[in-house]
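Before any comments, here is the structure.
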Amino acid sequence: MSERRRTPRPTKRYPWRRPAGADRADATPRPAPGPPRGEQPAAAADGAPPEVDERSVVDAAVYRDGRRVGTPGSLAATYRRLREETGAMAWIGLFRPSEGELLSLAEEFDLHKLAIEDAMEAHQRPKLERYGETLFVVLRAARYLDAPEEVDFGELHVFVGPDFVITVRHGAAPDLSAVRARMESTPELLALGPEAVLYAILDAVVDGYAPVVAGVQNDIDEIETEVFRGDPEVSRRIYELSREMVEFQRATRPLVGMLHGLMAGFDKYGTDEELQRYLRDVADHVTHTSERVDGFRSALTDILAVNATLVTQQQNAEMRALAEAGFEQNEEVKKISAWAAILFAPTLVGTIYGMNFTHMPELHWVLGYPFAILLMAVVCVSLYLIFKRRGWL
């Protein structure tokens, strides 16, 4: 297997490389890798790498001077083509690769085992790590789903070396095919090397935040309307959107420090002026997005507090209405009870004298009837005055 030839770059240094004294000499070839993927190892029982499936390879291309010079059909072919091309760069895109594929890449490009473990496990927070000549970047991309009104997050791992870029996606976002097409349409930018590809990827991830910010802003406007309209389901929507904003913060906040770290090394590592302008622009967009997300979280917290206040006021109003209804009902019961008592007195007297027993007091008295009528009138008037004074009537 032939050794890889490198193009000397005496005056070009990259922000993620070690100082010049610590770099490997351009004339020192990279150690030859093990058996190419797809070929049977010589001794499978002696710890040979496991067989891998290359269906996760989305695109693998070799570029020279900003133009595609080869589209190998496999990782092994990509390795060979990169060795054959002087001053070339490989850009390999993977989607949820297998362990075998990552181990093959690690062996070929001297990738650090800790970075490979992170790429295998995914679920990493955004970060930037330097392992020798290789820069390992973890990004959290986002996209807004209109139908369910949700934010979908994806994870992207990027390995950037002197002559290669490897992207490992663990989600639908971002659309790296569009990034590749954009870079291939501007060969003068792609000719700047792997760091230019890293810029394009960072730019695509950050640009993908803009539709998410617009969608979330629209959701917050709708939530405010629902809060003052008294929608009973708005509390759940506020809570779910708040959780998404927590994830959004975790995706954007680390990027601010990562990009400022790259910009801090512009002078030290002699980064191309054009890339400096691009990276500053990306950093400005990330800072703006991070501030918007912080504002969204604060707004949702305030909206949740307002909603809780409105719900409490509504509950108090309902309890007041129930109390007033109970009071009115009690007043009506008092009136009914008072009139029932007034009517009960003459009914009682009339009932007693209506029993028609032979021997009853005043039964044959001449003034018995007027006395009974007067007695009933006195009792009724007395009860009326008592109830009236107590406010029952």
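Residue indices begin at 1 and follow the sequence shown.
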Inset, instruction - Could you tell me whether D118 and K127 make a salt bridge, using a distance below 4.0 angstrom between a side-chain N and a carboxylate O? - result: yes

Legend entry - Lys/Arg N to Asp/Glu carboxylate O, E117 vs K113, below 4.0 Å: no

Legend entry - Check: Y79 and L105 side chains under 4.5 Å, non-hydrogen atoms: yes

Legend entry - Pair R81 + E85, salt bridge at N-O below 4.0 Å: yes

Inset, instruction - May I ask you to list the residues sharing a hydrophobic cluster with L374, side-chain cutoff 4.5 Å, ordered by chain and number? - result: V378

Inset, instruction - Could you check whether the rings of Y131 and H112 sit parallel, tilted or perpendicular, using 30° and 60° as the cut-offs? - result: parallel

Inset, instruction - Indicate whether the side chain of E274 and that of Y278 have a donor and an acceptor atom separated by less than 3.5 Å. - result: yes

Inset, instruction - Indicate yes or no: does R250 engage E247 in a salt bridge with an N to O separation below 4.0 Å. - result: yes

Legend entry - Side chains of Y144 and D219, donor plus acceptor under 3.5 Å: yes

Legend entry - Donor-acceptor side-chain pairing of D110 and T134 below 3.5 angstrom: no

Inset, instruction - Spell out, as yes or no, whether a donor-acceptor pair under 3.5 Å connects the side chain of E155 to the backbone of Q124. - result: yes

Inset, instruction - Before giving the answer on side-chain hydrogen bond (donor to acceptor under 3.5 Å, both in side chains), spell out for S177 and D59 the whole-Å C-alpha distance, their side-chain angles and the decisive distance to 0.1 Å. - result: CA-CA 8 Å; S177 62; D59 195 358; over 6 Å; no

Legend entry - Nearest-0.5 Å distance that lies between atom CG in L275 and atom CG in L192: 5.0 Å

